[in-house]
Amino acid sequence: MSPTHPTILTAPPTPSNETPSTYTFPSDRLLRSLENPSLIPLILVACGSFSPITHMHLRMFEMAVDHVRQNLSDTYEVVGGYISPVSDRYNKAGLASATHRIRMCELACEQTSDWLMVDPWEAEQPDYQPTAVVLDHVADEANKILEPLMGKKVQVSLLCGADLLMSMTPGVWSVHDLDHILLTYGLFVIERNGTSVSEAIAQLKELNPEWTSKVQIIRQLIPNDISSTSIRQFLRLGLSVHYLLPWCVIQYIREKGLYMDEGKEKRPSSMPPIGRRGRALQEQQQDRQHVQEKDGPQSLETVDEERHPRTLLRPEDATQSSN
Ligand SMILES: Nc1ncnc2c1ncn2[C@@H]1O[C@H](COP(=O)(O)OP(=O)(O)OP(=O)(O)O)[C@@H](O)[C@H]1O
Ligand SMILES: NC(=O)c1ccc[n+]([C@@H]2O[C@H](COP(=O)(O)O)[C@@H](O)[C@H]2O)c1
């Protein structure tokens with residue numbers, strides 16, 4: 001256990017594998033056959049808040065497909081991609097309701113992609129579902145459909161940004177889940193401004209040298225630093241978010257009046273109130289310079305510690321981490 005992580009006081013409810021009766025695993029866009037039958041079919045799953053979904057969330061999948069084609073073409077063929085929005089039980093400030101987040105993701109996938117899908121299973125569960133359980137769910141459902149058609153098991157992998165990789169420490173994740181995710185599924189990690197990938201990898205290696213064997217790092221050749229937090233801040237300030245997220249999502253946000261006030265957003269904002277913007281922006285730049293001089297490059301609003309709530313352990317691990 002890392003001594004830097006506080007004792008977990010609130011254990012989440014026991015993960016439930018009950019599936020609501022109306023639920024059907026979305027599979028209409030899954031490829032049913034492989035172009036090269038000797039390869040392993042690969043499904044990418046991105047877990048997160050998606051509040052709201054941005055162009056970068058969608059682009060992560062395209063970057064991962066390019067990465068597979070360029071570096072792993074002798075092993076994998078991508079046959080599907082899923083976005084799995086987290087449920088309302090996720091203890092994070094500033095989230096729209098799961099219903100809205102699912103719908104925004106669906107609109108974005110329907111209108112900007114011909115292969116991405118949204119799996120609402122995680123968001124519709126009454127209890128918080130650890131990411132390991134979500135990946136198990138997708139692997140089970142996808143294999144029910146594809147294994148008989150392809151005669152082999154599908155490999156499911158987690159697609160995420162480097163900040164999520166950096167959060168992978170006992171205290172935020174259970175050791176059992178890290179073991180399961182990193183050894184069974186593997187990770188496709190998109191580098192992200194504010195997180196040192198090499199530091200994150202070193203941290204993971206120190207915990208268990210085997211854990212990095214299935215981690216693929218994807219460089220951002222055209223850096224894109226969009227975050228949902230900055231979109232929410234822009235919306236509150238009445239600034240344009242055009243070209244940062246799909247138009248259909250912008251329309252949905254306007255129609256439903258989402259992200260217009262501070263709401264539950266408690267995390268310190270790096271965006272100043274509109275009247276003081278000029279001066280505050282100046283201060284922000286000075287701060288940023290100070291932080292960069294001190295700690296290397298990072299974005300003020302996206303320090304990893306603020307990004308991920310620390311109350312996601314399974315009950316048995318909460319006990320572990322307080323010892
Ligand atoms: N600009 C980005 N570069 C790399 N990865 C990203 C980027 N934006 C989002 N991601 C990744 O997408 C996944 C889901 O993101 P999430 O919904 O948490 O968005 P976010 O922008 O990080 O949200 P928030 O600002 O609310 O913390 C995470 O693994 C996150 O690291
Ligand atoms: N223990 C876990 O399974 C664990 C820990 C931290 C984050 N996560 C997941 O990572 C994602 C993080 O999303 P955000 O970046 O929006 O906080 C969420 O889907 C969350 O469920 C899972």
Side-chain angles (χ1 to χ4, degrees), residues 5 8 11-12 15 44-61 63-64 82-96 98 101 104-105 119 122-123 125 127-136 158-182 185 187-195 197 200 217-220 222-234 244-245 259 264-265 267 269-271 299 301-315 317-318 321:
H5 288 287
I8 305 297
L44 299 163
V45 180
C47 291
S49 311
F50 306 102
S51 188
I53 186 164
T54 70
H55 275 140
M56 187 55 195
H57 290 130
L58 297 156
R59 188 144 174 77
M60 283 169 44
F61 285 90
M63 292 165 75
Y82 288 96
I83 292 173
S84 178
V86 77
S87 81
D88 289 334
R89 296 297 299 264
Y90 190 51
N91 181 23
K92 182 171 163 179
L95 299 195
R101 289 180 291 113
M104 288 188 280
C105 290
D119 186 356
E122 177 184 1
Q125 298 308 299
D127 299 334
Y128 172 77
Q129 299 296 311
T131 299
V133 175
V134 177
L135 296 175
D136 285 345
L158 180 63
L159 173 63
C160 67
D163 56 303
L164 199 75
L165 180 72
M166 192 62 161
S167 81
M168 289 187 165
T169 54
V172 182
W173 298 72
S174 88
V175 173
H176 173 272
D177 284 2
L178 285 177
D179 218 52
H180 188 45
I181 294 171
L182 292 160
Y185 296 113
L187 285 189
F188 284 79
V189 181
I190 311 282
E191 65 178 356
R192 188 166 193 183
N193 188 15
T195 303
V197 171
I217 303 296
I218 304 174
R219 302 278 158 212
Q220 287 213 35
I222 302 178
N224 187 334
D225 197 19
I226 303 181
S227 71
S228 298
T229 304
S230 53
I231 298 293
R232 296 194 296 271
Q233 290 168 335
F234 268 45
L244 295 173
L245 54 166
Y259 310 117
K264 291 180 278 171
E265 190 109 29
R267 123 173 62 180
S269 165
S270 64
M271 291 294 283
S299 142
E301 53 157 315
T302 55
V303 201
D304 290 318
E305 291 198 1
E306 285 175 7
R307 264 207 178 111
H308 303 287
R310 293 187 168 185
T311 51
L312 302 175
L313 288 183
R314 293 170 186 233
D317 297 298
S321 91

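For this chain, numbers begin at 1 and follow the sequence in order. Atoms within each ligand, like the ligands themselves, are counted from 1 in listed order. On a predicted model such as this, the values are computed, not experimentally measured, just so you know.
Using modelled atom types, no side-chain atom of Arg192 and backbone atom of Asp225 make a donor-acceptor pair closer than 3.5 Å. Within the 3.5 Å criterion, the main-chain N or O of Arg219 finds no donor-acceptor partner in the side chain of Glu191.
At under 3.5 Å, not a single nitrogen or oxygen of Ser174, backbone or side chain, sits near a nitrogen or oxygen of ligand 2. For a threshold of 3.5 Å applied to N or O pairs, the pair formed by Ser51 and ligand 1 contains no separation below that value. Below 3.5 Å of separation, one finds an N or O of Ser49 facing an N or O of ligand 2. For a threshold of 3.5 Å applied to N or O pairs, the pair formed by Lys92 and ligand 2 contains at least one separation below that value. Considering both main-chain and side-chain atoms, Ser167 never comes within under 3.5 Å of ligand 2 through any nitrogen or oxygen pair. In terms of N/O distances under 3.5 Å, ligand 1 is not approached by Leu164.
With Leu182 as reference, Leu187 is the one residue of Asp177, Leu187, Leu158 to meet the side chain to side chain contact (heavy atoms under 4.5 Å, CB included) rule.
Within the listing of ligand 1, atoms 5 (N), 6 (C), 10 (N), 11 (C), 12 (O) sit less than 4.0 angstrom from a heavy atom of Met60. Distances below 4.0 Å separate heavy atoms of Val86 from the following atoms of ligand 2: 21 (O). Shown in contact with Thr229 at under 4.0 Å from a heavy atom are these atoms of ligand 1, numbered in order with element: 24 (P), 25 (O), 26 (O), 27 (O). Counting atoms of ligand 1 from 1 in the listed order, those under 4.0 Å from a heavy atom of Asp163 are 30 (C), 31 (O). Per-residue contacts place Ile226 under 4.0 angstrom from the following atoms of ligand 1 (heavy atoms of the residue considered): 1 (N), 2 (C), 7 (C), 8 (N). Of all atoms in ligand 1, listed by their number and element, those nearer than 4.0 Å to a heavy atom of Ser227 are 21 (O), 25 (O). Close contacts of ligand 1 with Lys92, meaning ligand atoms under 4.0 Å from a residue heavy atom, involve 18 (O), 23 (O), 24 (P), 26 (O), 27 (O). Proximity to Arg232 (heavy-atom distance under 4.0 Å) selects the following atoms of ligand 1: 26 (O). For ligand 2, the atoms sitting less than 4.0 Å from at least one non-hydrogen atom of Pro130 are 3 (O), numbered in the order shown with element in parentheses. Atom numbering of ligand 1 starts at 1 in the shown order; those under 4.0 Å from a heavy atom of Glu191 are 4 (C).
The option with the heavy atom closest to atom 28 (C) of ligand 1, from among Gly94, Ser167, Gly161, is Gly161. The heavy atom nearest to atom 20 (P) of ligand 1, considering only Arg192, Gln233, Met56, is found in Arg192.
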Go through it in stages, so that I can follow the logic: the residues are Glu122 and Ser84, the test is side-chain hydrogen bond (donor to acceptor under 3.5 Å, both in side chains), and I'd like the CA-CA distance, side-chain angles, deciding distance and then a yes or no. CA-CA 6 Å; Glu122 177 184 1; Ser84 178; 2.5 Å; yes
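Counting heavy atoms under 4.0 Å from ligand 2, residue Val134 does not touch it at all. In Asn224, the part holding a heavy atom less than 4.0 Å from any atom of ligand 1 is the backbone. Neither the backbone nor the side chain of Gln129 has any atom closer than 4.0 Å to an atom of ligand 2 (non-hydrogen atoms only).
Between His57 and Cys105 the shortest side-chain heavy-atom distance does not fall below 4.5 Å. Ser228 places a side-chain heavy atom less than 4.5 Å from the side chain of Thr54.
Here the straight-line distance linking atom SG of Cys160 with atom CG of Leu44 works out to 11.0 Å at 0.5 Å rounding.
Within the structure, ligand 1 has Cys47 among the residues with a heavy atom less than 4.0 angstrom away. Judged by the shortest distance from any of its heavy atoms, Phe50 lies outside the 4.0 Å radius around the atoms of ligand 2.
Aromatic ring pairs are classed by plane angle as parallel below 30°, tilted from 30° to 60° and perpendicular above 60°; the pair His180 and Tyr185 is perpendicular.
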